[in-house]
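Just below is one structure, and these are the notes that go with it.
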Amino acid sequence: MPVFAALVVAAAIAQAACGGSSSPTSPGSTSTPTPSGGTTVTPQPIQVVLFTHIEDNTPTGTIPSGANRTAYLRLREALIDMAELARSRSVKWSLQPDWKFLLAAEEYESAAVMSDTGGVNVLRYLRDHLGVAIDPHSHENGGYNYTDVAYLLDRLGVGGSTVIGGHIWDPSLPQFQEWDRFRSAVSGQRYPAYSWRGDILMGAGTPNHTNDPIISGVWRPASRGDFFTDSTSGNIASVGAYKSDVDGISTLYALYATGTVASTCMLTSSYHITPSSLTASGGIAAVDRDVVSPVAALQAAGKASATDFTTLVSTWRSRYGASSCTYRN
């Protein structure tokens with residue numbers, strides 16, 4: 001299959017993988033690091049990332065059009081509300097948009113629109129004034145690949161992230177596991193003069209999220225076929241999402257407290273706050289009640305540290321010595 005055709009098919013599969021919320025199943029055996037006998041266990045906060053993907057069909061409609069502009073402005077307002085909520089709760093939030101939202105931002109961020117964001121586009125406002133981490137996300141659809149999305153972020157003044165915001169993991173679809181091409185810089189598809197290399201994987205996905213790996217921790221995948229084995233020479237780090245829910249944070253913390261997992265092992269969890277949940281009637285209040293406030297409470301109790309993917313991997317290197325340690329169940 002030609003490379004571009006494979007990417008198009010992979011993008012369709014990834015689109016399904018991003019949108020579902022069904023319960024994942026374990027992909028394999030458990031790897032449980034345990035402390036040596038008699039070692040005092042000091043529970044560490046679980047490294048938690050709350051994030052939002054904006055897909056390549058959002059905002060709806062054609063750019064430019066009245067319907068598309070209305071959809072963009074509605075989402076824009078919800079993103080600002082979410083960022084303000086996260087800041088008020090001292091919880092970090094990450095935004096990972098695909099190409100269509102970025103082109104819409106270039107089209108609609110006029111002086112009048114930017115009057116409520118200090119004269120800067122909404123992405124700059126979210127990052128520079130409200131502390132939101134912004135990473136590229138791509139289904140590599142519509143002629144745009146990850147590098148093109150990174151370029152658009154750069155053009156909007158919020159580039160620089162090396163997070164690969166979502167990727168395909170599925171042992172039954174090895175031909176679509178192309179995350180390893182980022183071991184070297186990749187040229188843009190729409191903007192071929194631009195190159196980008198991502199080095200942090202998050203959000204391993206399968207169609208409809210029916211077989212997502214339930215894994216916590218950070219490791220450097222050895223290869224496509226040996227994804228969960230750490231390679232110390234690997235130049236891409238992967239962050240486990242665990243069960244992608246709030247309750248899983250307490251479950252992971254209990255592993256430290258019971259001595260099941262050593263305190264020298266970084267445990268991780270991430271949670272996707274969907275754009276539709278933000279734009280729904282009463283959506284921000286519901287997200288606060290169900291996600292943000294519970295995570296903030298866990299953080300206040302020392303059981304969680306709400307962070308972003310870049311900072312998480314930096315912490316893994318500086319505080320944990322880049323020691324690979326994963327927990328699967």
Side-chain angles (χ1 to χ4, degrees), residues 14 17-18 44-55 79 82-83 86-87 90-98 123 126-127 130-139 146-147 149-150 153-154 158-169 179-180 182-183 196-205 212-221 227-228 230 234-246 248-249 252 265-274 291-292 295 299 304-320 322-327:
C18 234
Q44 300 297 308
I46 307 305
Q47 300 294 311
V48 178
V49 181
L50 304 181
F51 69 95
T52 294
H53 281 169
I54 301 180
E55 312 300 1
L79 295 177
M82 175 62 208
R87 185 178 65 168
S90 299
V91 168
K92 190 76 174 181
W93 171 57
S94 297
L95 178 63
Q96 299 185 340
D98 210 328
L123 291 157
L126 291 173
R127 189 190 69 176
L130 296 178
V132 177
I134 298 179
D135 309 312
H137 169 60
S138 178
H139 287 283
Y146 260 105
T147 298
V149 174
L153 287 173
D154 203 30
V158 291
S161 170
T162 59
V163 175
I164 304 164
H167 66 101
I168 295 174
W169 173 87
W179 57 267
D180 57 351
F182 290 108
R183 294 202 187 280
W196 177 81
R197 192 180 87 78
D199 60 4
I200 299 173
L201 291 171
M202 56 74 55
D212 290 3
I214 301 178
I215 184 167
S216 179
V218 183
W219 73 102
R220 292 148 294 208
F227 185 75
F228 298 104
D230 179 67
N235 62 353
I236 297 178
S238 184
V239 179
Y242 196 52
K243 295 184 178 181
S244 300
D245 61 10
V246 176
I249 300 170
L252 290 172
C265 175
M266 174 190 275
L267 293 178
T268 62
S269 177
S270 61
Y271 186 99
H272 184 209
I273 300 172
T274 64
V291 182
V292 178
V295 170
Q299 182 167 257
S305 177
T307 185
D308 60 83
F309 293 106
T310 300
T311 303
L312 186 154
V313 172
S314 178
T315 300
W316 173 66
R317 291 185 175 122
S318 63
R319 189 182 304 169
Y320 293 83
S323 175
S324 171
C325 188
T326 59
Y327 177 81

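At a threshold of 4.5 Å between non-hydrogen side-chain atoms, the residues L267 and Q44 do not count as touching. Side-chain atoms of P213 and F227, non-hydrogen and from C-beta on, never get closer than 4.5 Å to each other. With a 4.5 Å cut-off on side-chain heavy atoms, L126 and L95 count as touching. Annotation: side chain of Y242 is in contact with side chain of I214 (closest heavy-atom distance under 4.5 Å). Side-chain contact check for R220 versus S324: some heavy-atom pair is nearer than 4.5 Å. Side-chain contact between V239 and S270 is absent, with no heavy atoms from C-beta onward closer than 4.5 Å. Between W93 and V291, the closest side-chain pair of non-hydrogen atoms is not below 4.5 Å. Y320 has its side chain out of reach of C325: every pair of non-hydrogen atoms, C-beta onward, lies at least 4.5 Å apart.
Partners of S161 under the side chain to side chain donor-acceptor pair (under 3.5 Å) rule, at least two apart in sequence or in another chain, are D135. Residues passing the side chain to side chain donor-acceptor pair (under 3.5 Å) test with T311 are D308, sequence neighbours excluded.
Classification of the H53-H137 ring pair by plane angle, with boundaries at 30° and 60°, yields parallel.
For P221 against W179, the heavy-atom pair with the smallest separation is CB-CH2, 3.5 Å. Between A237 and V218, the shortest heavy-atom distance links the atoms CB-CG1, 4.2 Å. In terms of heavy atoms, T52 sits closest to T274 at CG2-C, 4.4 Å.
When each of V48, T307, I200 is paired with L312, the side chain to side chain contact (heavy atoms under 4.5 Å, CB included) condition holds for T307 and for no other. Of the candidates V163, I164, I54, V163 is the only one forming a side chain to side chain contact (heavy atoms under 4.5 Å, CB included) with Q96.
Remark: the backbone N or O of S90 is paired with a side-chain donor or acceptor of Q299 at under 3.5 angstrom. Looking at K92, its side chain does come within 3.5 Å of a backbone N or O of G131 through a donor-acceptor pair.
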Stepwise side-chain contact (heavy atoms from CB on, under 4.5 Å) check, M82 with V132: CA-CA 10 Å; M82 175 62 208; V132 177; over 6 Å; no

Report the C-alpha separation of M202 and V49 in whole Å, then their side-chain angles, then the decisive distance to 0.1 Å, and conclude whether the side-chain contact (heavy atoms from CB on, under 4.5 Å) test is met. CA-CA 10 Å; M202 56 74 55; V49 181; over 6 Å; no

D199 vs N235, test: side-chain contact (heavy atoms from CB on, under 4.5 Å). Steps then yes/no. CA-CA 7 Å; D199 60 4; N235 62 353; over 6 Å; no

Between F182 and H167, is a ring pair (Phe, Tyr, Trp, His ring centres under 6.0 Å) present by the stated rule, with each step listed? CA-CA 12 Å; F182 290 108; H167 66 101; 9.9 Å; no

Ring pair (Phe, Tyr, Trp, His ring centres under 6.0 Å), that's the test. Do W169 and F228 meet it? Break it down for me. CA-CA 11 Å; W169 173 87; F228 298 104; 5.2 Å; yes

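With rounding to the nearest 0.5 angstrom, the NZ atom of K243 is 15.0 Å from the OH atom of Y271. In this structure, CH2 in W316 is found 10.5 Å from CH2 in W219, a value given to the nearest 0.5 Å. For the atom pair CD1 (I249) and OG1 (T268), the distance works out to 10.5 Å, reported to the nearest 0.5 Å. Put simply, CZ on F309 and OG on S94 are 6.0 Å apart, with the number rounded to the nearest 0.5 Å. Taking CD1 of I134 as the reference point, atom CG of L153 lies at 7.0 Å (rounded to 0.5 Å). Atom CZ of R197 and atom OG1 of T147 lie 11.5 Å apart (nearest 0.5 Å).
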